[in-house]
Undergrad: 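Before I ask anything, here is the structure I am working with.
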Amino acid sequence: MSGEGMTGTGTDGTTSVVVERRVAASPGRVWEAITDLPGLPRVLTGVRKVEVLTPGGFDVGTRWRETRRMLGREATEEMTVTACEPPDRYVTVADSHGMHYVSELTLIPDRTGLAPDGTGSTVLRMSFSARPAHGRAPGLLGRAFARLGAKAVAKALAKDLSDVANAVETRI
């Protein structure tokens with residue numbers, strides 16, 4: 001279980017990707033790493049910059065702009081937290097270039113593997129979906145790109161989960 005991904009494309013043009021990874025750290029430590037927005041560029045190698053747009057802690061309504069390098073280009077997206085259940089899961093949405101994106105990060109306690117500090121490990125799962133915004137129907141090119149793009153997204157998400165694991169497992 002190290003970044004394996006499942007992808008699919010629905011008849012409504014929704015493309016979905018799910019990846020997961022076991023992390024040798026407690027859910028609390030993993031939660032801290034994935035919700036420390038200013039610290040994300042130190043955790044995720046693909047993230048160049050994060051600009052937090054709302055005051056306060058990480059919760060429903062938190063918004064930020066994240067600049068990443070993907071497919072050889074930099075892109076900035078604005079994300080909004082729509083569900084937050086610390087330290088179990090959070091959901092974000094973003095709208096960009098005629099698409100609506102939903103990401104969900106879920107942390108599942110795993111007692112089968114112990115972290116170095118003696119606590120249980122965590123299965124970190126990320127679900128990502130993209131669909132045409134505002135009821136737009138995807139054309140033939142859009143559907144073809146969705147299938148190709150899903151593989152690239154799955155690879156990028158698996159890299160993100162690997163980065164999180166490396167960050168929390170090597171932190172002293």
Side-chain angles (χ1 to χ4, degrees), residues 3 5-21 23 25-70 74-110 122-138 142 145-146 149-150 152-165 167-168:
M6 296 185 312
T7 62
T9 304
T11 57
D12 65 349
T14 299
T15 301
S16 300
V17 176
V18 179
V19 294
E20 64 180 38
R21 166 142 185 165
V23 181
S26 68
R29 288 199 34 222
V30 175
W31 182 263
E32 288 172 16
I34 64 174
T35 60
D36 173 16
L37 298 176
L40 279 182
R42 290 187 303 274
V43 173
L44 303 177
T45 57
V47 173
R48 302 292 191 233
K49 179 178 150 188
V50 171
E51 178 187 0
V52 180
L53 304 173
T54 52
F58 190 92
D59 207 344
V60 172
T62 298
R63 291 183 13 256
W64 73 96
R65 280 192 200 100
E66 182 177 292
T67 302
R68 325 180 138 245
R69 185 142 185 96
M70 191 168 186
E74 278 198 0
T76 300
E77 304 295 340
E78 184 173 314
M79 267 111 37
T80 303
V81 177
T82 58
C84 184
E85 300 166 18
D88 300 320
R89 70 185 272 274
Y90 74 81
V91 178
T92 62
V93 297
D95 291 287
S96 180
H97 300 97
M99 296 295 287
H100 178 75
Y101 303 103
V102 178
S103 300
E104 178 176 4
L105 277 89
T106 306
L107 293 80
I108 304 159
D110 180 17
T122 303
V123 174
L124 179 59
R125 178 179 298 140
M126 183 167 191
S127 304
F128 174 86
S129 66
R131 67 170 169 74
H134 311 296
R136 293 184 183 180
F145 179 75
V153 168
K155 184 176 179 180
L157 297 180
K159 175 67 173 127
D160 282 356
L161 298 189
S162 178
D163 287 347
V164 170
V168 297

Undergrad: Take Thr15 and Val153, measure what side chain to side chain contact (heavy atoms under 4.5 Å, CB included) needs, and give me the verdict at the end.
TA: CA-CA 10 Å; Thr15 301; Val153 168; over 6 Å; no
Undergrad: Rounded to the nearest 0.5 Å, what's the gap from CD on Glu77 to CE on Met99? Could you check?
TA: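 Nearest 0.5 Å value for the CD-CE distance: 11.0 Å.
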Undergrad: Let me confirm one number: the CG-NZ distance from Leu44 to Lys159, rounded to the nearest 0.5 Å.
TA: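 Output value for this atom pair is 9.0 Å.
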Undergrad: Give, for atom CZ of Phe128 and atom OG of Ser103, the distance between the pair rounded to the nearest 0.5 Å.
TA: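 If we round to the nearest 0.5 Å, Phe128:CZ and Ser103:OG are 5.5 Å apart.
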Undergrad: With salt bridge (Lys or Arg N to Asp or Glu O under 4.0 Å) as the criterion, how do Arg68 and Glu66 come out once you've worked through the C-alpha distance, each side chain's angles and the decisive distance to 0.1 Å?
TA: CA-CA 6 Å; Arg68 325 180 138 245; Glu66 182 177 292; 2.8 Å; yes
Undergrad: When you look at Asp36 and Arg42, which way does the side chain to side chain contact (heavy atoms under 4.5 Å, CB included) test go after all the steps?
TA: CA-CA 10 Å; Asp36 173 16; Arg42 290 187 303 274; 4.0 Å; yes
Undergrad: Thr54 side chain to Arg63 main-chain N or O, any donor-acceptor pair under 3.5 Å?
TA: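 Confirmed, Thr54 side chain pairs with Arg63 backbone.
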Undergrad: Leu124 versus Leu107: any side-chain heavy-atom pair under 4.5 Å?
TA: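 Answer yes - side chains close enough.
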Undergrad: Would you mind reporting whether Pro41 and Val50 have side-chain heavy atoms less than 4.5 Å apart?
TA: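 Sidechains of Pro41 and Val50: in contact.
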Undergrad: How long is the gap from CZ on Arg125 to CZ on Arg89, to the nearest 0.5 Å?
TA: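 Arg125 atom CZ to Arg89 atom CZ measures 12.0 Å (nearest 0.5 Å).
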Undergrad: Measure the shortest side-chain to side-chain distance between Thr62 and Leu37 over non-hydrogen atoms and say whether it is less than 4.5 angstrom.
TA: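 Contact flag for Thr62/Leu37 side chains = yes.
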Undergrad: Indicate the ring-plane relationship of Phe58 and Trp64, choosing parallel, tilted or perpendicular according to the 30° and 60° boundaries.
TA: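 Tilted: the ring planes of Phe58 and Trp64 meet at 30° to 60°.
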Undergrad: Could you grab the distance from atom CG of Asp163 to atom CG of Leu157, nearest 0.5 Å is fine?
TA: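 Nearest 0.5 Å value for the CG-CG distance: 11.5 Å.
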Undergrad: So do Ser127 and Thr106 actually touch side chain to side chain, heavy atoms under 4.5 Å?
TA: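 Not touching, per the 4.5 Å side-chain cut-off.
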Undergrad: Going by atom types only, do Thr76 and Thr67 share a side-chain donor-acceptor pair under 3.5 Å?
TA: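 Yes.
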Undergrad: When rounded to the nearest 0.5 angstrom, what is the spacing between OG1 in Thr122 and CG in Asp110?
TA: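 Those atoms lie 7.5 Å apart.
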